[in-house]
Amino acid sequence: MDDLIKVYGAGWCPDCRRAKRFLGDQRISFEWHDIEVDPDGVRTVQERNDGNDVIPTIIFPDGSHLAEPSNEELAEKIGLERMAMMHVYDLIVIGGGPAGLTTSIYAARENLQTLVIDSKGLGGQAGVTERLDNYPGFPEGIGGAELADRIVLQAQRYGVEMLQAVSVKSITSDGEEIDVETATGDHYHSRAALIATGSTYRMTGAPGEGDLIGAGIHFCATCDGPFYQGANQLVVLGGGNSGLEEGLFLTQFVDKVTIVQRGDRLTATKLLQDKVKVTPKMEVLLDREVLEFRPKDDGSGKLGAVVLEDRESGATEELHPAGAFVFIGLDPNTGFVKGSVELDDRGLIVTDMGLQTSMPGVFAAGDVRSGSTKQLASAVGEGAAAAIGIRRYLEALDAKPMHMM
Ligand SMILES: Cc1cc2nc3c(=O)[nH]c(=O)nc-3n(C[C@H](O)[C@H](O)[C@H](O)COP(=O)(O)OP(=O)(O)OC[C@H]3O[C@@H](n4cnc5c(N)ncnc54)[C@H](O)[C@@H]3O)c2cc1C
């Protein structure tokens with residue numbers, strides 16, 4: 001019997017995309033069958049659904065199937081734990097990426113009852129990164145999923161309780177007890193909490209982008225630029241400060257870096273624009289819309305072409321860079337604390353030197369924090385620092401006479 005989940009659907013079907021995203025978020029491998037191009041796929045779908053074309057139809061290794069399942073039905077089928085064992089914890093960690101998991105390991109080793117809640121799969125962005133080459137301790141580099149699995153195992157070893165596919169909806173505090181409400185309608189209480197929900201890189205939304213992430217499409221020049229040492233060309237999408245800064249950084253690896261900007265002018269500072277002008281390896285294309293990211297024809301699954309449209313003339317052109325870096329902004333995952341915790345003008349969480357937020361007992365670490373460097377090693381470091389801040393906070397709370405609490 002095949003041990004891979006098989007998803008039957010079509011590219012235009014939003015429910016199919018949702019189901020694929022859900023499985024991907026949980027880092028569950030599956031086989032995709034596009035019934036538009038696969039006649040066997042159509043037959044399979046019809047056999048399973050009394051002759052009807054119901055998509056997505058998802059067939060599991062045990063031979064059973066679900067037709068058009070909701071995320072909740074999928075979570076139950078794959079055995080995800082979505083309700084915690086208790087209602088009260090010493091520490092609740094919101095976000096099971098590298099920062100949150102590191103804090104949880106430190107806290108649980110010190111016998112704090114710790115619950116981690118993650119809206120997707122444990123491991124965060126690190127878990128979906130193809131390869132990490134700059135994380136200390138792995139001289140040959142390490143696959144992101146493997147590193148994430150190792151961190152999760154370490155947290156399990158210390159008894160950290162972890163929920164996946166559960167979003168936190170709000171966090172409030174009455175000054176003594178913190179209340180964390182989840183989208184599943186549960187309330188969990190704790191004496192301290194950590195917000196480590198990271199940030200989401202904005203994507204262009206052009207067809208092909210999602211499938212080529214890590215296979216030619218990237219969001220971090222420091223992380224992935226060195227992979228392109230000696231290549232001919234890289235494309236940078238975005239003409240703001242990040243696009244130009246990262247583009248200039250990438251020139252050390254390749255012969256040419258092409259900045260593609262949607263608007264009719266660059267929006268980066270004049271200083272950066274001047275630098276770009278005098279850097280012979282830099283080229284700027286204005287007024288270009290990305291129409292599509294196309295994979296190579298050789299079946300490698302790597303980026304083959306970036307198809308652009310000149311927004312003025314309507315003409316299309318194809319670039320064939322070794323890789324494309326997307327720098328069109330970052331959305332901090334802080335919607336659920338807007339109005340309750342202080343945020344900076346970009347929506348990132350403001351903390352004091354000890355990583356405590358404006359809500360007493362609530363700390364923040366990693367990519368979600370204002371001033372963070374958006375690097376894995378820093379996220380892990382901030383997770384450790386937050387754990388120590390939390391320990392001190394709880395000690396101070398325990399030392400308070402009862403009438404002051
Ligand atoms: C494609 C890619 C490649 C990268 N490569 C490198 C690299 O080579 N080297 C490097 O140092 N860094 C790299 N990074 C950056 C690195 O992965 C991040 O800096 C790091 O993962 C940040 O960790 P974090 O724990 O702060 O946040 P994240 O890893 O983003 O984890 C946050 C977690 O919070 C969860 N969450 C969000 N909202 C909620 C909510 N409301 N309720 C519950 N949970 C929630 C998310 O599901 C996620 O699991 C890369 C990033 C990407 C996207």
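Both counts, for ligands and for their atoms, begin at 1 and track the order of listing.
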Ion pair check, Glu318 and Arg294, cut-off under 4.0 Å: yes
Lys/Arg N to Asp/Glu carboxylate O, Lys281 vs Asp255, below 4.0 Å: no
Parallel, tilted or perpendicular, as decided by the 30° and 60° cut-offs, for the rings of Tyr89 and Tyr188: perpendicular
Plane angle bin for Tyr8 and His33 - parallel if under 30°, tilted between 30 and 60°, otherwise perpendicular: parallel
Modelled atom types, side-chain donor and acceptor of Gln356 and Thr351, under 3.5 Å: no
Heavy-atom gap Cys220 to ligand 1 smaller than 4.0 Å: no
Checking the N or O distance criterion of under 3.5 Å, is ligand 1 in contact with [X]?
X	value
Ser119	yes
Ser199	no
Asp367	yes
Leu376	yes
Ile213	no
Ala99	yes

Approximate separation, where rounding is to 0.5 Å, of Gln26 CD and Lys120 NZ: 9.5 Å
Those atoms of ligand 1 less than 4.0 Å from some heavy atom in Phe336: 41 (N)
Residue portion contacting ligand 1 (non-hydrogen atoms closer than 4.0 Å) for Leu101: neither
